[in-house]
Number of protein chains: 2
Amino acid sequence: MRWNKLEGEACSVARTVSVIGDRWTLLILRDCFLRVRRFEEFQARLGVTRPILASRLRKLVKDFVLAKVPYQERPLRYEYRLTQKGLDLYPIVMAIVHWGDVHMAGKKGRPLLHQHVSCGKTFDPVMICSQCGEPLSPRQVHVHRGPGAASPRHMPADAAAGDRKQRRPVRSSRAHP
Amino acid sequence: MRWNKLEGEACSVARTVSVIGDRWTLLILRDCFLRVRRFEEFQARLGVTRPILASRLRKLVKDFVLAKVPYQERPLRYEYRLTQKGLDLYPIVMAIVHWGDVHMAGKKGRPLLHQHVSCGKTFDPVMICSQCGEPLSPRQVHVHRGPGAASPRHMPADAAAGDRKQRRPVRSSRAHP
DNA sequence: CGAGTTGGTTTTCTTATTGAACCTGCGTTA
DNA sequence: TAACGCAGGTTCAATAAGAAAACCAACTCG
């Protein structure tokens with residue numbers, strides 16, 4: 001199966017992976033969230049070869065994850081900035097960082113600490129249900145065919161429930177329609 | 001730069017990417033969370049070639065993300081199951097699914113809906129701060145060097161804060177030490 | 001004029017992925 | 001008992017992608 005096939009699949013993972021499912025792309029995005037914006041800076045930090053970097057940046061721009069905007073004229077120079085679509089990748093990047101912190105950290109501990117400006121504390125990211133606010137675990141989630149489903153594939157069966165107190169829904173900036 | 005180099009980097013993204021930063025691996029993990037466990041079933045659902053599937057499963061087992069356990073003897077047959085380390089990838093997979101749902105869904109809508117068994121509702125995953133419970137956004141997070149940091153790289157500068165009410169910390173199963 | 005900076009492209013070589021076929025151990029059917 | 005089927009792989013030749021190093025172009029600065 002080829003890359004391009006993925007985009008057409010009726011699966012959100014496949015579609016997302018067709019955009020960011022490449023190790024250099026993920027490392028580029030990490031640096032984007034650390035305010036890196038220029039070709040040379042990406043290249044120096046990542047150690048990626050220039051042709052690959054150019055091709056990945058081109059693809060991210062084509063997919064509207066990054067925008068190539070001039071930061072000066074004469075000589076005309078561009079920088080790469082996250083679009084809203086790109087900024088929305090933040091939970092993915094944070095989830096990746098957190099898993100690495102928990103499972104891949106050396107004995108010296110985690111390389112980076114995250115401080116939440118709003119509350120001032122060092123934190124971990126936690127993924128919760130937008131409806132009840134409880135932390136998510138795989139066994140607590142059932143999957144159903146949605147309107148965009150294709151052939152009867154990608155379908156599981158599951159069980160197990162819990163009785164937990166209800167909270168009020170979290171207003172996510174981009175919640176369920 | 002080579003794959004193996006990534007594992008040694010003082011960056012949790014790089015380390016995580018050295019394990020799961022491959023499109024086939026991510027699609028395999030998607031199916032793992034949909035209760036797919038056998039070689040033939042992965043192969044049929046993913047359309048990946050058999051040598052690649054074998055090599056990816058081998059790597060995931062080596063990295064303790066999957067465990068290869070016999071489900072019958074005579075003939076001896078194995079299945080691949082998520083370990084706890086693998087189950088902990090759930091937020092990453094859910095974040096990927098959600099981004100695909102929001103940004104890559106076709107006009108028919110999302111392919112899959114997620115129901116939270118605990119509360120019964122169809123939900124979206126939301127990533128929050130473990131300390132105050134507020135949804136995370138990139139601009140609200142400052143990064144600092146942790147104990148495992150290496151050379152003075154991967155360091156940003158940031159600003160902007162907000163005054164938000166405080167909640168009590170979320171007890172994540174694997175929170176900040 | 002010559003050197004430096006930024007943001008790339010070109011070229012050549014090496015590695016990874018694909019597609020198809022083949023292998024193994026065992027059970028089942030004829 | 002021979003033939004076939006199945007699950008779970010491996011082997012092999014052809015092709016695509018990635019790495020390393022060099023090169024290019026537009027402009028500025030001294």
Side-chain angles (χ1 to χ4, degrees), chain A residues 1-9 14 17-29 31-32 35-63 66-82, chain B residues 1-9 14 17-28 31-32 35-63 66-81:
Chain A
M1 189 199 263
R2 284 306 199 297
W3 257 99
N4 353 333
K5 287 274 192 180
L6 279 185
E7 296 172 39
E9 287 233 341
V17 162
S18 78
V19 177
I20 63 158
D22 167 272
R23 58 210 177 98
W24 290 124
T25 301
L26 285 167
L27 293 173
I28 289 167
L29 289 169
D31 275 6
C32 287
R35 276 77 185 176
V36 174
R37 305 201 214 281
R38 304 204 186 153
F39 191 92
E40 296 292 327
E41 200 178 356
F42 285 115
Q43 209 266 312
R45 290 169 53 92
L46 299 182
V48 64
T49 64
R50 301 169 72 83
I52 296 287
L53 176 59
S55 87
R56 293 301 185 275
L57 289 173
R58 212 160 31 228
K59 176 160 168 55
L60 286 170
V61 168
K62 195 199 73 186
D63 288 335
L66 297 181
K68 185 176 183 176
V69 300
Y71 67 87
Q72 70 173 32
E73 303 178 358
R74 326 191 47 76
L76 189 53
R77 294 281 181 258
Y78 296 96
E79 64 183 12
Y80 296 89
R81 288 173 159 272
L82 288 164
Chain B
M1 189 200 266
R2 286 304 201 298
W3 257 98
N4 353 330
K5 288 274 193 181
L6 280 185
E7 297 173 39
E9 288 233 340
V17 162
S18 78
V19 177
I20 64 158
D22 167 273
R23 58 208 175 100
W24 289 124
T25 301
L26 285 167
L27 293 173
I28 288 167
D31 275 6
C32 287
R35 277 75 187 179
V36 174
R37 302 201 215 283
R38 303 202 186 156
F39 191 93
E40 295 292 327
E41 200 179 355
F42 285 114
Q43 209 267 312
R45 289 172 52 94
L46 299 182
V48 64
T49 63
R50 301 169 73 81
I52 294 287
L53 176 58
S55 87
R56 294 300 186 277
L57 290 173
R58 212 160 30 228
K59 177 161 168 53
L60 287 170
V61 168
K62 192 199 75 187
D63 289 334
L66 298 181
K68 186 176 182 175
V69 300
Y71 66 88
Q72 70 172 36
E73 302 179 0
R74 327 190 45 78
L76 189 52
R77 294 281 182 259
Y78 296 97
E79 64 183 13
Y80 296 89
R81 287 173 161 271

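Convention: sequence-line order gives letters A, B, ...; per-chain numbering from 1. For the numbers below, each heavy atom of this structure counts, side chains included, while hydrogens, waters and symmetry mates do not. What you see is a predicted model, and the numbers here were worked out from it, not measured in a lab.
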Return no unless some side-chain N or O of [X] is found under 4.0 Å from OP1 or OP2 of [N].
X	N	value
A:Tyr80	C:dG8	yes
A:Arg50	C:dG7	no
B:Arg56	C:dT17	yes
B:Trp24	C:dA16	no
A:Lys68	C:dG8	yes

Partner set under side chain to side chain contact (heavy atoms under 4.5 Å, CB included) for A:Phe39, not counting sequence neighbours: A:Arg50, A:Leu53, A:Ala54, A:Leu57
Is the positively charged end of A:Arg38 above the ring of A:Tyr71, judged by distance under 6.0 angstrom from the centroid and angle within 45° of the axis? yes
Under 3.5 Å donor-acceptor, B:Gln72 side chain and B:Pro75 backbone: yes
For A:Pro51 and A:Tyr71, take the nucleotide of DNA chain C holding the closest heavy atom to each; which residue's nucleotide lies nearer the 5' end? A:Tyr71
Measure the distance from [atom1] on [X] to [atom2] on [N] and round it to the nearest whole Å.
X	N	atom1	atom2	result
B:Arg77	D:dG8	CZ	C1'	6 Å
A:Glu41	C:dT6	CD	C1'	13 Å
A:Arg23	C:dT15	CZ	P	14 Å
B:Glu73	D:dG8	CD	C1'	16 Å
B:Glu79	D:dA7	CD	C1'	13 Å
A:Ile52	C:dA16	CD1	C1'	12 Å

